[in-house]
Colleague: 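Take this structure first; my questions come after.
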Amino acid sequence: MRISPLYQGKEIKPPWLRLPVGLRDWAPEELAALRAVEGRLRRSFEAWGYQEVATPALEYLDTWSRGMGSRRPASLFVVVDRTGELLALRPEMTVPVARFVATRWRGGVARLYYVGSVFRGDPGRGNSREFPQAGAERVGDGGPDADAEVVALAVEALQQAGVRAVRVGLGHAGFLRALLDAAGLGDGGPVAQEALYRRDFVTLSSLLDTAPADVRRVVLDLPSLRGAEALGRARALGVGREALEELEAVVEALRPYGVDGAVEVDLGIIRDFDYYTGLVLEAYAAGSGAPLLGGGRYDQLLERFGSPQPAVGFAVHVERVLAACGQAAAPAPALQVAYDAPSRHRALAWAQRARAAGLRVAAGPGEGEGPGPRVSFRGQEVWWVEPDGSRRPITAADLDALLEGRTP
Amino acid sequence: MKPLVVALPSGRLLRDAIRLLRAAGYRGTDGEDRSLVWQWGELTVIVAKPVDLLTYVERGAADCGVVGKDVLLEQAHEVYELVDLGFGRCRGVVALPAIRRHLWEDPRQHLRVATKYPRVAERFFWERGRPVEIVQLYGSVELAPRVGLSDGILDLVMTGATLRANGLVEVAEVFQSTARLVVNPVSLRTRSEAVQELVARLTQAVQEVP
């Protein structure tokens with residue numbers, strides 16, 4: 001492949017030394033921090049009886065279109081299958097989990113979680129095209145108990161992951177829909193819905209000129225319609241009563257979980273109306289410019305895959321959680337075992353014993369290098385070498401102590 | 001409490017944006033300062049390129065921002081658009097050289113259109129099913145038809161003087177634009193009181209300053 005350099009005379013790297021735009025490597029210390037967060041999320045999910053499920057990275061493009069509807073990102077990574085059908089890399093994980101439950105699950109409530117990468121073809125403004133996601137889905141039952149469990153799990157998962165001052169907002173897709181219906185816009189309804197979805201309150205304000213004044217007021221107040229009084233204010237309007245009752249029941253059902261301090265009603269949470277049918281939730285933390293997680297109840301998704309069932313869940317943007325947690329402590333480096341030719345057999349045999357005892361051991365000829373302590377086999381002698389280079393001879397008893405995790 | 005960060009756009013909207021902040025009772029260094037970060041009491045005011053503004057707000061580097069509707073239409077974003085600030089009024093139009101305005105009358109006519117708003121242009125022509133080739137430029141768009149780079153332009157007009165000076169006539173209005181107050185969705189919640197106060201004071205100032 002021919003490459004035309006941007007700057008004459010300046011060497012630019014060939015493609016095989018670079019990465020496509022929007023994709024990245026995770027170096028060991030970066031990955032360790034990511035895995036630590038993922039591990040803490042996993043532990044929360046497991047602790048609540050959720051089981052991990054994995055689905056393929058590629059599915060039919062039709063699956064995404066059918067499952068996500070208007071929520072499907074315009075830009076996916078698409079490949080042509082050998083049969084000519086189009087496949088796309090997964091842009092999210094709720095649809096495949098729903099498809100999995102609809103086609104493979106044998107009855108009963110499914111509590112499932114996933115951890116993996118999702119992909120976008122063109123994320124815009126320099127965002128990533130592959131990013132790690134983790135999430136939980138509870139499929140098979142509706143009602144406030146299921147909603148409350150998922151909300152409480154969202155709070156706990158973020159808190160356990162190390163996010164300080166988690167705030168989870170609870171809204172309702174049905175309330176927003178009822179509110180727009182009550183505005184009586186007729187043919188203007190879809191335009192208003194689109195404006196609301198784009199969070200364009202300036203356009204909404206002019207579209208709602210003809211709407212009942214109290215409805216208009218509440219729509220325009222959505223960005224601040226949260227907290228203790230939000231439900232009361234919304235109820236006073238007499239619109240979307242059923243949705244508000246549902247939301248109230250979720251708040252009530254949440255009480256035993258002891259997460260009240262982190263959860264508030266936030267009727268201004270705007271997520272896709274075509275997809276979410278009830279509760280919607282988002283989590284925020286100071287210092288993260290975007291929500292850490294989002295989700296809600298999607299009672300019509302499973303039906304699209306032939307198995308009508310209610311479901312509720314959320315997806316965590318793991319990189320944002322990682323950023324909100326600050327830096328985790330770097331893991332300790334592995335123990336190094338260095339040897340010369342005469343001690344090679346003895347050194348490697350001891351390294352095998354050490355690994356069997358549960359130590360992380362990197363063995364090699366020479367003097368050893370890198371951070372961390374070393375055990376250096378020289379002829380009949382064995383030395384303990386500190387990271388700063390200071391060394392002292394050690395005995396067979398010291399080597400045995402090392403196997404038990406005691407530093408000589 | 002950390003000051004609320006408000007991003008203002010450099011260029012044509014800056015002077016009016018500063019004037020509005022003053023009318024809303026915020027006080028600080030004058031805009032003549034070459035620095036791009038000003039402390040205005042409870043606000044930190046930063047000045048960014050209009051095309052970059054949504055990036056600052058969307059990523060939370062700024063809590064709020066002032067940006068033209070034209071930019072909001074052109075760039076995908078996830079910010080809340082809360083207040084029409086009224087100033088910076090202009091329109092996005094399609095314009096053709098007067099001698100070629102007949103090209104617009106035939107909707108089957110393929111047009112080459114130069115613009116700073118490729119996404120808006122793409123959507124406008126696509127929705128109408130009109131064949132088009134979009135030529136993206138970064139400024140002085142009115143030059144393009146004069147030198148045969150395009151048949152016409154899609155650009156902002158304020159008074160229409162630039163169009164006239166270049167022998168162009170408006171054939172269609174695409175959008176109307178004014179400056180808007182936008183807010184990061186997380187700041188809206190985690191800095192709720194400060195944001196609400198800014199919104200209230202600006203809304204009031206907009207109504208008072210014609």
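Chain identifiers are assigned alphabetically (A, B, ...) following the order of the sequence lines, protein sequences preceding nucleic acid strands; residue numbering begins at 1 within each chain.
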Colleague: Which of residues 168-182 of chain B have a heavy atom under 4.5 Å from any heavy atom of chain A?
Modeller: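 Only B:R180 of residues 168-182 of chain B have a heavy atom under 4.5 Å from chain A.
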Colleague: Under 4.5 Å from any heavy atom of chain B, what part of A:A165 do you find: side chain, backbone, both or neither?
Modeller: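 Neither part.
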Colleague: Is there a side chain to side chain contact (heavy atoms under 4.5 Å, CB included) between B:R189 and A:E282? Walk through the geometry before answering.
Modeller: CA-CA 11 Å; B:R189 292 163 168 109; A:E282 281 184 353; 4.3 Å; yes
Colleague: What closest approach, in Å, do A:Y284 and B:P185 show between heavy atoms, and which atom pair accounts for it?
Modeller: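 Between these two residues, the closest heavy atoms are CE2-O, 4.4 Å.
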Colleague: Atom CZ of residue position A:R24 - does it have more than 12 heavy atoms of other residues, nucleotides or ligands inside 6.0 Å?
Modeller: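 Enclosed.
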Colleague: Can you confirm whether B:R27 is buried at CZ, in the sense that more than 12 heavy atoms of other residues, nucleotides or ligands lie under 6.0 Å from that atom?
Modeller: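 Yes, because the 6.0 Å sphere around CZ of B:R27 holds more than 12 heavy atoms from other groups.
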Colleague: Using non-hydrogen atoms only, which part of B:S192 is less than 4.5 Å away from chain A: side chain, backbone, both, or neither?
Modeller: both
Colleague: First locate atom CZ of A:R199, then atom NE2 of B:H77, and finally report the distance between them rounded to the nearest 0.5 Å.
Modeller: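 The CZ atom of A:R199 sits 9.5 Å away from the NE2 atom of B:H77.
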Colleague: Among A:L220, A:I269, A:T203, A:L204, who wins on heavy-atom pairs under 4.5 Å with chain B?
Modeller: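 Heavy-atom pairs under 4.5 Å are most numerous for A:I269.
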Colleague: Is it true that atom OH of B:Y56 has more than 12 heavy atoms of other residues, nucleotides or ligands lying nearer than 6.0 Å?
Modeller: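 It does not: B:Y56 OH has 12 such atoms or fewer within range.
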Colleague: Sequence neighbours left out, what passes salt bridge (charged side-chain N to carboxylate O under 4.0 Å, His left out) with A:E130? Give chain and number order.
Modeller: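 Salt bridge (charged side-chain N to carboxylate O under 4.0 Å, His left out) check on A:E130 returns nothing, list empty.
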Colleague: In terms of heavy-atom pairs under 4.5 Å with chain B, which of A:S206, A:S205, A:P223 leads?
Modeller: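 That would be A:P223.
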Colleague: What residue in B:T190, B:V183, B:V195 has the most heavy-atom pairs under 4.5 Å with chain A?
Modeller: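 Highest number of heavy-atom pairs under 4.5 Å: B:T190.
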Colleague: Just to verify, what does A:R320 make a side-chain hydrogen bond (donor to acceptor under 3.5 Å, both in side chains) with, not counting sequence neighbours?
Modeller: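 Per chain and number, A:R320 pairs via side-chain hydrogen bond (donor to acceptor under 3.5 Å, both in side chains) with no residue.
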Colleague: With a 4.5 angstrom heavy-atom cut-off, is it the side chain or the backbone of B:N184 that approaches chain A, or both, or neither?
Modeller: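 Contact with chain A: side chain only.
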Colleague: More than 12 foreign heavy atoms under 6.0 Å from CZ of A:R164: is that the case here?
Modeller: no
Colleague: Check whether B:K69 gets within reach of chain A through its side chain, its backbone, both or neither, counting any heavy atom under 4.5 Å.
Modeller: side chain
Colleague: Which bit of B:V79 is near chain A, if near means a heavy-atom gap under 4.5 Å: side chain, backbone, both or neither?
Modeller: backbone
Colleague: Testing the basics here: between A:R226 and B:L188, what is the closest heavy-atom pair and its distance to 0.1 Å?
Modeller: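 In this case the closest contact between A:R226 and B:L188 is NH2-O, 2.5 Å.
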Colleague: How close do B:V83 and A:V202 get, heavy atom to heavy atom, and via which atoms?
Modeller: C-CG2, 3.6 Å
Colleague: Tell me if the CD atom of B:E193 is crowded by more than 12 foreign heavy atoms within 6.0 Å.
Modeller: no
Colleague: For A:V78, what residues pass the side-chain contact (heavy atoms from CB on, under 4.5 Å) criterion, not counting sequence neighbours?
Modeller: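 Per chain and number, A:V78 pairs via side-chain contact (heavy atoms from CB on, under 4.5 Å) with A:L61, A:L76, A:L86, A:A88.
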